[in-house]
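Have a look at the structure below, then the notes.
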Amino acid sequence: MKIKIIAIFSLILLLIAAAGCSNSSAPNSSSGGDQGSANGGDKSSGEKITIKVNNDVAADTLKGQSWRHFKEVLESSSVGDRVDVQIYDSGSLFAQSKQLQALQQNQIQLMAPVPGVLSGQFPKLQAFGLPYLFKSPDMISAAIADPNIGAKLFAGPEEKGVKITNVWLNGWRMVSASKPINTIDDLKGVKIRVPGGKNYVNTFKALGADVITIDWGEVPSSLQQGVIDAVEPTPNANVSAKIYELAKYTTTSDHILDIYVICANKQWLESLPTDVKKEVEAALKDTEKWNWEQAQKANEDALQKQIDGGGTVIKLSNDELAKWQEATKPVIDSYKDVIGEDILSAIQDLAKEYEWKRPSK
C-alpha cells in the first residue's frame, strides 16, 4: 500500500515539474522585450499603442489637416499595424485651456497649441507671440535653430514633462470684426477675443481694444450674442469656423506670424519601443515639412474664400501698419525680464537680417 502511495505522489511531482518547464519557456511580457506604454499598448502582447491627439480647432483647418497627414504617414509606416492614432477635433476631448494639464497627465499624448496657450507655465514661449517681432517664416526657422534663441526657449517645458518635438506654421494673424477696421483708431473700444496668453492680451490693449479671453470653441456663439465684436485668428482658422460670416471685415494687421508648437508627453515618448519611437518622430518630421509647404497657400486660399463668400479684406497701407507697430513696441520691451534680455536681443538682431513677407492680398 505504501509503495502505491509513493508511486502516485512521485507521478504528481513529475507532472508539476513538467508544467513548470512548459511555463518557463513562454515569453514573459513583464521582464524583457520592448513594451509600449501609451494607454497600456504592449508590443509583446500584440495590443495596439493608442496615440490620442487633442486638436483644439476644426478638422479642416491647416492644423487639423496636418494631424491627419501625421496619422496617414505613421499608420502606413513599418509600425503602422501596431499604432492607433485617434484625433479629437474642435476641443471635443479637452478645451484649449485644459489640454496642457491633460498632456502632462498622459490623458493625451500629442497636441499643437499656439505658444501663448503654454505661457502660464512656460512664459518664455511668449517670445513667439510678441507683436511684429518675427518678419517671415524663414526668420522663424532661423530663430528655432539658433542655440541662443530656440534652445533656450524650449528648455523649460522638458523640465515639466513636455517635449517640444517640432514647430508648424499657422500664418499671419489678422483682425476680423463686425465693422471695418481701417485704422488703429477704429480698434478703440472693440471687444476682441484673443487666446489665453498675456502677450495677446497686452498687444490688443496697447492697440486700444477691449480684450476678452475665451476658448476658441466659444467664439461663434459669442459673436452671435454680441459678447465680442472681433477676433484675430489666421485666415484658415477664420474660414474653417465660418467666422467671416459673423465678422465680415478682415484687416491684414499681420500682427503675429503664428506657429504651433508640437508637444508630446515626454515620459510616454521616451518609453515607446525603439522602432515605434523612431517612426513617430519621423512622421512628425515629415508632417512639419508638409505643413510648412502648405501654410502660405492655405491662408491665401482662405482670404479668397472670404471675399468670394461676401466678406471684405482690408489691406493696411505700410504707413498705417507702421502706426500699429509703433503702438505695440512697449509690449515687446515689457517682456525683457520674462523672456530674458539676452534672448530678446538675439531675436531683434536676427530680425535685421530679414525682410517682411506679408500676404499678397
Side-chain angles (χ1 to χ4, degrees), residues 61-63 65-66 112 114-116 125-146 148-150 153 166-176 181-182 184 195 199-200 203-204 207 231-240 250-262 287-307 311-329 331-332 335 343-361:
T61 58
L62 180 60
K63 187 196 291 192
Q65 293 169 358
S66 297
V114 293
L125 290 180
Q126 292 176 97
F128 289 109
L130 291 180
Y132 302 108
L133 187 58
F134 290 91
K135 294 180 174 180
S136 68
D138 288 344
M139 184 185 166
I140 291 273
S141 183
I144 292 166
D146 190 324
N148 293 316
I149 301 174
L153 292 174
N166 304 86
V167 171
W168 294 348
L169 276 179
N170 186 24
W172 291 101
R173 299 182 79 94
M174 304 178 187
V175 173
S176 292
I181 305 294
N182 294 296
I184 191 172
N199 55 304
Y200 301 107
T203 292
F204 279 91
L207 291 168
V231 291
E232 48 77 65
T234 59
N236 81 82
N238 183 320
V239 166
S240 176
T250 294
T251 301
T252 59
S253 52
D254 306 328
H255 48 281
I256 295 171
L257 181 52
D258 215 17
I259 63 170
Y260 293 126
V261 284
I262 313 311
T287 304
E288 180 180 58
K289 181 176 182 293
W290 181 89
N291 166 274
W292 280 62
E293 291 170 348
Q294 301 297 316
Q296 181 175 344
K297 185 177 186 303
N299 284 296
E300 287 180 351
D301 289 350
L303 281 175
Q304 188 59 52
K305 188 168 183 178
Q306 290 181 56
I307 295 169
T312 300
V313 175
I314 301 166
K315 179 79 172 180
L316 285 189
S317 68
N318 289 335
D319 288 344
E320 181 60 33
L321 188 68
K323 295 177 183 178
W324 294 53
Q325 293 170 332
E326 187 65 28
T328 55
K329 276 184 180 178
V331 177
I332 297 175
Y335 276 84
I343 299 174
L344 196 54
S345 294
I347 297 171
Q348 290 172 322
D349 288 342
L350 183 65
K352 296 173 185 176
E353 302 174 20
Y354 290 86
E355 299 293 330
W356 289 99
K357 287 188 179 178
R358 298 175 62 206
S360 58
K361 296 291 182 188

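Starting from 1, each residue takes its place in the sequence as its number. Note that the coordinates shown come from a computational prediction; the quantities given were computed from them, not determined experimentally.
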Closest heavy-atom pair and its distance - [X], [Y]:
| X | Y | answer |
| --- | --- | --- |
| Asn199 | Tyr335 | N-OH, 3.1 Å |
| Ala351 | Lys135 | O-NZ, 3.2 Å |
| Arg173 | Pro195 | NH2-CG, 3.4 Å |
| Thr252 | Leu316 | OG1-N, 3.2 Å |
| Met139 | Ile347 | CE-O, 3.5 Å |
| Thr287 | Ser66 | CG2-O, 3.1 Å |

Please assess Val175 against Trp324 for the test side-chain contact (heavy atoms from CB on, under 4.5 Å), listing each intermediate value before the final yes or no.
-> CA-CA 12 Å; Val175 173; Trp324 294 53; 4.3 Å; yes
Say you draw a straight line from [atom1] of [X] to [atom2] of [Y]; how long is it, rounded to the nearest 0.5 Å?
| X | Y | atom1 | atom2 | value |
| --- | --- | --- | --- | --- |
| Lys357 | Trp172 | NZ | CH2 | 11.0 Å |
| Leu133 | Ile332 | CG | CD1 | 5.0 Å |
| Asp254 | Trp356 | CG | CH2 | 8.5 Å |
| Glu353 | Asp138 | CD | CG | 12.0 Å |
| Glu232 | His255 | CD | NE2 | 4.0 Å |
| Leu257 | Leu130 | CG | CG | 13.0 Å |

Using only atom types and a distance under 3.5 Å, with no angle test, would you say the side chain of [X] pairs donor to acceptor with the backbone of [Y]?
| X | Y | answer |
| --- | --- | --- |
| Lys323 | Ile184 | no |
| Asn291 | Trp168 | no |
| Thr234 | Gly171 | no |
| Ser317 | Glu320 | yes |

Step by step, would you call Leu153 with Ile343 a side-chain contact (heavy atoms from CB on, under 4.5 Å)?
-> CA-CA 8 Å; Leu153 292 174; Ile343 299 174; 4.0 Å; yes
Test of understanding: with ring pair (Phe, Tyr, Trp, His ring centres under 6.0 Å), list the residues that count as partners of [X], not counting sequence neighbours.
| X | result |
| --- | --- |
| Tyr200 | none |
| Phe134 | Phe128 |
| Trp292 | none |

Give the C-alpha distance, both sets of side-chain angles, the deciding distance and a yes or no for side-chain contact (heavy atoms from CB on, under 4.5 Å) between Met174 and Asn238.
-> CA-CA 9 Å; Met174 304 178 187; Asn238 183 320; over 6 Å; no
Contacts of Lys305 meeting salt bridge (charged side-chain N to carboxylate O under 4.0 Å, His left out) (sequence neighbours excluded), chain-then-number -> none
Only counting residues at least two apart or in another chain, list the ones meeting salt bridge (charged side-chain N to carboxylate O under 4.0 Å, His left out) with Asp146.
-> none
Taking side-chain hydrogen bond (donor to acceptor under 3.5 Å, both in side chains) as the test, write out the residues that go with Lys297, two or more places apart.
->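 Lys297: side-chain hydrogen bond (donor to acceptor under 3.5 Å, both in side chains) contacts with Asp301.
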For Tyr132, which of Thr203, Ile256, Leu321 qualifies under side chain to side chain contact (heavy atoms under 4.5 Å, CB included)?
-> Leu321
For Asn170, which of Asp258, Asn299, Thr61 qualifies under side-chain hydrogen bond (donor to acceptor under 3.5 Å, both in side chains)?
-> Asp258
Give the C-alpha distance, both sets of side-chain angles, the deciding distance and a yes or no for side-chain contact (heavy atoms from CB on, under 4.5 Å) between Ile259 and Leu169.
-> CA-CA 5 Å; Ile259 63 170; Leu169 276 179; 4.1 Å; yes
